[in-house]
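Naming convention: chains lettered A, B, ... in sequence-line order (proteins, then strands); numbering from 1 in each chain.
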2 protein chains.
Amino acid sequence: MHMMKDTSCDLAQCGLPVALEVMGERWSFMILRAAFNNVCHFEDFLTLLGIARNILSNRLARLVDHGILARDPCADDRRRVEYRLTAKGYDLLPAMLALRQWGEKWGSTLCPDQVLCDERDGQPIAPILIRAHDGRLLGVQDLVWRSQSEIAASRKAAETQVA
Amino acid sequence: MHMMKDTSCDLAQCGLPVALEVMGERWSFMILRAAFNNVCHFEDFLTLLGIARNILSNRLARLVDHGILARDPCADDRRRVEYRLTAKGYDLLPAMLALRQWGEKWGSTLCPDQVLCDERDGQPIAPILIRAHDGRLLGVQDLVWRSQSEIAASRKAAETQVA
DNA sequence: CGGTATCCACATGGATACTG
DNA sequence: CAGTATCCATGTGGATACCG
């Protein structure tokens with residue numbers, strides 16, 4: 001594959017450690033999954049996931065700290081608490097689905113009977129893959145690391161050509 | 001959002017726990033990231049990631065066990081060992097990039113100077129998002145869980161209409 | 001070079017009891 | 001209902017020494 005080493009995009013400036021600090025652990029994504037299915041109460045997470053109380057408490061607090069979930073009084077019963085996805089939390093849906101699709105593709109025994117679909121035509125969503133800015137599908141062999149300055153230069157060149 | 005609870009797509013048939021069993025832990029994705037950058041020797045993983053030897057050894061073995069990396073004698077020096085991504089491993093690229101993009105979008109201090117680009121036009125790849133089978137971008141509000149049988153029925157209906 | 005073997009510290013996870 | 005407190009077992013992670 002052509003992906004050259006991105007030595008200059010070092011770990012200090014890479015988004016992956018940032019993401020893994022919160023999500024790099026078994027339960028975080030499972031809690032997110034439940035939240036995407038409109039689970040929002042402590043006890044519901046508890047019974048659905050089969051997680052220990054203290055761990056759930058800890059993880060919910062961490063997700064709230066990181067701004068992925070919001071902790072608010074319940075709309076109908078103000079004494080109760082509700083955990084809701086924030087915009088930052090919703091933004092993890094592609095990553096969660098990509099993981100899930102991978103698990104379903106390579107986990108031989110699996111046969112999920114519910115599939116995520118486009119409401120408009122009722123058909124399953126596309127596999128989550130890598131695409132160019134114009135939507136073309138890209139394989140690993142089509143990918144290359146470039147610096148911001150290289151990108152700016154070639155964009156400017158393209159614009160000049162058009163003009 | 002319209003995503004209804006996918007109670008029947010229960011955790012036993014969900015790909016997410018499968019994926020998290022291997023990847024649901026801080027180092028696995030970091031090792032994968034290095035492997036995607038053509039790091040393939042034990043000592044190189046060690047120094048690049050700053051991981052402990054025993055943990056690296058353990059994680060590499062687990063990734064090999066799960067068929068994500070292949071452990072082979074080095075091409076040039078048969079006494080040395082090489083870790084290479086398998087097809088199953090390469091297939092994790094979208095998930096890894098989705099996580100990384102999320103980290104770079106929401107990790108305020110980050111400013112990666114190297115960006116993954118399409119080799120053909122030299123421009124950055126598109127954000128990894130959810131699309132319909134025809135490539136249309138979908139938001140959370142466009143998504144709905146459906147059973148295999150519902151999907152089959154509506155596809156058959158669509159085909160009949162065409163014919 | 002690519003590990004194993006140890007040892008230690010701490011985090012994670014489960015179970016149970018208790019609280020407002 | 002949504003936690004906290006406690007206890008215990010195991011896992012994770014780092015450091016270091018050693019090995020073929």
If only atom types and distance count, is the side chain of A/Trp102 paired as donor or acceptor with the main-chain N or O of B/Lys88 below 3.5 Å?
-> yes

Kindly say whether B/Gly122 contributes a backbone atom to a donor-acceptor pair with the side chain of A/Arg146 at under 3.5 angstrom?
-> yes

Take the protein atom [atom1] of [X] and the nucleotide atom [atom2] of [N], then report the distance between them rounded to whole Å.
{"X": "A/Met30", "N": "C/dT12", "atom1": "CE", "atom2": "P", "result": "18 Å"}
{"X": "A/Leu20", "N": "D/dT12", "atom1": "CG", "atom2": "P", "result": "15 Å"}
{"X": "A/Asn54", "N": "C/dA15", "atom1": "CG", "atom2": "C1'", "result": "9 Å"}
{"X": "A/Leu60", "N": "D/dT4", "atom1": "CG", "atom2": "P", "result": "10 Å"}
{"X": "B/Glu21", "N": "D/dG11", "atom1": "CD", "atom2": "P", "result": "13 Å"}
{"X": "B/Glu25", "N": "C/dA11", "atom1": "CD", "atom2": "P", "result": "16 Å"}
{"X": "A/Phe45", "N": "C/dG14", "atom1": "CZ", "atom2": "C1'", "result": "20 Å"}
{"X": "A/Tyr83", "N": "D/dG3", "atom1": "OH", "atom2": "C1'", "result": "8 Å"}

Taking 4.0 Å as the cut-off, does a side-chain nitrogen or oxygen of [X] come that near to OP1 or OP2 on [N]?
{"X": "A/Arg71", "N": "D/dG3", "result": "yes"}
{"X": "B/Trp27", "N": "D/dG13", "result": "yes"}
{"X": "B/Arg59", "N": "C/dG3", "result": "no"}
{"X": "A/Arg53", "N": "D/dT6", "result": "no"}
{"X": "A/Ser57", "N": "D/dG3", "result": "no"}
{"X": "A/Arg79", "N": "D/dC1", "result": "no"}

Quick one: label [X] by what it contacts on the DNA or RNA (base, sugar-phosphate, nothing), any heavy atom closer than 4.0 Å.
{"X": "B/Arg26", "result": "sugar-phosphate"}
{"X": "A/Asp77", "result": "nothing"}
{"X": "A/Arg78", "result": "nothing"}

Are B/Asp72 and B/Arg84 close enough for a salt bridge, meaning some N to O gap below 4.0 Å?
-> no

Options C/dG14, C/dG2, D/dG14, nucleotide nearest the side-chain atoms of A/Ile51 | C/dG14

Which of D/dG13, D/dC1, C/dT12 is nearest the side chain of B/Ile55? It is D/dG13

How about A/Leu16 and B/Met30: do any of their side-chain heavy atoms sit closer than 4.5 Å?
-> yes

Pick the nucleotide of DNA chain D nearest each of A/Val81 and B/Gly50; which residue has the one closer to the 5' end?
-> A/Val81

Assess whether salt bridge (charged side-chain N to carboxylate O under 4.0 Å, His left out) is satisfied between B/Arg131 and A/Asp118, documenting all intermediate values.
-> CA-CA 8 Å; B/Arg131 292 169 186 263; A/Asp118 173 14; over 6 Å; no

